[in-house]
Participant: 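One structure follows; several queries about it will come next.
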2 protein chains.
Amino acid sequence: MLMSVDTDVIRALGDPLRLRIVSLLARETLCTTHLMAETGARQTNLSNHLRVLREAGLVETEPCGRFTYYRLRPEALEALAGGFADLAAAARAGDRPRRAC
Amino acid sequence: MLMSVDTDVIRALGDPLRLRIVSLLARETLCTTHLMAETGARQTNLSNHLRVLREAGLVETEPCGRFTYYRLRPEALEALAGGFADLAAAARAGDRPRRAC
DNA sequence: TGACAGTATCAGTCCATGCTGATGTCAGTC
DNA sequence: GACTGACATCAGCATGGACTGATACTGTCA
């Protein structure tokens, strides 16, 4: 079905800082300290954003002693990309019927 | 580059009603009256959401007499899908280096 | 030209969300 | 056990956005 995309995941990616975090995690597995250095954001702020990303299923945590490493879950992004690609394909495929008013 | 995705487009898709509109427009070119019937939303509300989608480049309008037909722009969705697919691929590809704390 | 239908815009309200400082918790170190 | 650093949680504040009623604009038809 076309509506398989979850708006929670989309909303999680709709924030500039969160998108920045996701693109950083696409390259490396990082912990909050690294993300603070890379983004310049406060620890509290990052923690909030990381919770949103975690609850949306976009990242997963890996505790390592005092540190918490964050890893990107490619499946979530792939599902989203697939959903959007399906919508685009449906929009291209049909002979674009136009319902009369 | 990985950060090629625009958060404005993502935010535009992050609303349930707007995502519904997009999925409806993926099948048919519709005007506001049809969308009111399909979604049950008020005209004012729909007009606002359609403006957001138009400003994000996700839909385009086609005036037709008194009516305004809305058509989905597949390119925008394809670009988004491609950006997310690239991020997912980058997350899968690397040997996942872990920066020391 | 007047009436009406389709659509856009505006101002106002309400709620969700992003940011912050303060504080709590847990693990490692002295 | 006291201390420090990494991280999470909480309450408060400010902003943005979703929704609404009222209104304006435009095209069609009688």
Side-chain angles (χ1 to χ4, degrees), chain A residues 5-25 28-72 98-101, chain B residues 5-25 28-72 98-101:
Chain A
V5 183
D6 185 11
T7 53
D8 289 340
V9 182
I10 306 177
R11 292 180 89 95
L13 289 168
D15 183 85
L17 181 51
R18 285 200 291 265
L19 189 59
R20 179 97 195 283
I21 293 171
V22 165
S23 86
L24 286 169
L25 293 180
E28 284 180 285
T29 292
L30 297 170
C31 63
T32 312
T33 310
H34 300 139
L35 290 171
M36 288 176 64
E38 293 282 348
T39 64
R42 307 288 180 89
Q43 181 267 325
T44 304
N45 193 13
L46 272 181
S47 186
N48 284 330
H49 283 301
L50 287 167
R51 184 163 56 90
V52 173
L53 290 173
R54 185 170 5 104
E55 288 176 354
L58 281 164
V59 305
E60 58 190 0
T61 61
E62 186 183 349
C64 178
R66 270 186 305 181
F67 309 101
T68 305
Y69 280 95
Y70 284 87
R71 190 190 319 122
L72 195 62
R98 170 170 307 186
R99 196 186 299 186
C101 278
Chain B
V5 184
D6 185 11
T7 54
D8 290 339
V9 182
I10 305 176
R11 292 180 90 96
L13 290 167
D15 181 84
L17 181 51
R18 284 199 292 264
L19 189 58
R20 180 98 195 284
I21 293 171
V22 165
S23 87
L24 287 169
L25 293 180
E28 284 181 284
T29 293
L30 297 171
C31 63
T32 312
T33 309
H34 299 138
L35 291 170
M36 286 176 65
E38 293 282 347
T39 64
R42 307 288 180 90
Q43 181 267 326
T44 305
N45 193 14
L46 271 182
S47 185
N48 283 330
H49 283 301
L50 287 168
R51 185 163 56 91
V52 173
L53 290 173
R54 184 168 8 103
E55 287 175 355
L58 282 164
V59 305
E60 57 189 2
T61 61
E62 186 182 349
C64 179
R66 272 186 302 183
F67 309 102
T68 305
Y69 280 96
Y70 284 87
R71 190 189 318 121
L72 194 61
R98 170 171 308 185
R99 196 187 299 186
C101 280

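In what follows, chains are A, B, ... by sequence order, proteins preceding strands, each numbered from 1. Heavy-atom basis, side chains included; hydrogens, waters and symmetry copies ignored.
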Participant: Mind listing the closest non-hydrogen atom pair of Arg11(B) and Pro16(A) along with its distance?
Facilitator: NH1-CD, 4.2 Å
Participant: OP1 or OP2 of dG6(C) versus the side-chain N and O atoms of Tyr70(B): is any pair under 4.0 Å?
Facilitator: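 Negative; the distance criterion is not met.
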Participant: Would you give the length of the straight line joining atom CG of Asn48(B) to atom CG of Leu53(B), rounded to the nearest 0.5 angstrom?
Facilitator: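 Here the rounded value is 11.0 Å.
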Participant: Take atom CG of Leu30(B) and atom C1' of dG6(C), then tell me their distance rounded to the nearest Å.
Facilitator: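 In whole Å, dG6(C) C1' lies 15 Å from Leu30(B) CG.
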Participant: Report the distance from atom CG of Leu17(B) to atom P of dC15(C), rounded to the nearest whole Å.
Facilitator: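 Spelled out: CG on Leu17(B) to P on dC15(C) is 19 Å.
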Participant: In whole Å, what is the span from the CG atom of Leu46(B) to the C1' atom of dC19(D)?
Facilitator: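 Result: 11 Å.
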Participant: Of Leu50(B), Val52(B), Leu13(B), which is the lone residue that meets side chain to side chain contact (heavy atoms under 4.5 Å, CB included) with Arg18(B)?
Facilitator: Val52(B)
Participant: Mind listing the N/O atom pairs, protein and nucleotides 15-18 of chain D, below 3.5 Å?
Facilitator:
unit_1, atom_1, unit_2, atom_2, d
dA18(D), OP1, Arg18(B), NH1, 3.4
dA18(D), OP1, Arg18(B), NH2, 2.8
dA18(D), OP2, Arg18(B), NH1, 3.3

Participant: Does dT7(C) have OP1 or OP2 sitting under 4.0 Å from an N or O in the side chain of Thr33(B)?
Facilitator: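 Yes, such a contact exists.
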Participant: What's the CG-C1' distance between Leu50(B) and dG6(C), to the nearest Å?
Facilitator: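 Answer to the nearest Å: 13 Å.
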Participant: I need the full list of side chain to side chain donor-acceptor pair (under 3.5 Å) pairs touching residues 30-40 of chain A, with sequence neighbours left out, sorted by first then second residue.
Facilitator: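 As it turns out, the side chain to side chain donor-acceptor pair (under 3.5 Å) pairs with a partner in residues 30-40 of chain A, which skip direct neighbours, are Glu38(A)-Arg99(B).
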Participant: Out of curiosity, Leu30(B) CG to Thr68(B) OG1, how far, rounded to the nearest 0.5 Å?
Facilitator: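 Taking CG in Leu30(B) and OG1 in Thr68(B), the distance rounds to 12.5 Å.
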Participant: About how many Å separate CG of Asp15(A) and CD1 of Ile21(A), when rounded to the nearest 0.5 Å?
Facilitator: 8.0 Å
Participant: Calculate the interatomic distance between Phe67(A) atom CZ and dA8(D) atom C1'; express it in whole Å.
Facilitator: 16 Å
Participant: Report the distance from atom OH of Tyr69(A) to atom C1' of dA6(D), rounded to the nearest whole Å.
Facilitator: 12 Å
Participant: For the atom pair CG (Leu58(A)) and CG (Leu25(A)), what is the distance rounded to the nearest 0.5 Å?
Facilitator: 10.0 Å
Participant: Pick the closest DNA chain C nucleotide for Arg66(A) and for Met36(B) by heavy atoms, then say which residue is nearer the 5' end.
Facilitator: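 Comparing both residues, the 5'-ward one is Met36(B).
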Participant: Which letter, B, S or -, goes with each nucleotide of nucleotides 9-14 of chain D from 5' to 3', with contact meaning a protein heavy atom under 4.0 Å?
Facilitator: BB----
Participant: More 5' along DNA chain D: Ala41(B) or Cys31(A), using each one's nearest nucleotide?
Facilitator: Cys31(A)
Participant: Would you mind checking if Arg71(B) and Glu62(B) are paired as a salt bridge, meaning a charged N to carboxylate O distance below 4.0 Å?
Facilitator: yes
Participant: Mind checking if Arg42(B) touches a base, just sugar-phosphate, or nothing, with heavy atoms under 4.0 Å?
Facilitator: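 Sugar-phosphate: the residue Arg42(B), judged by heavy atoms under 4.0 Å, touches backbone atoms but no base.
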Participant: Are side-chain heavy atoms of Tyr70(A) and Arg54(A) found at a separation under 4.5 Å?
Facilitator: yes
Participant: What is the distance, to the nearest angstrom, from the CZ atom on Arg20(A) to the C1' atom on dG18(C)?
Facilitator: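 Whole-Å distance recorded here is 17 Å.
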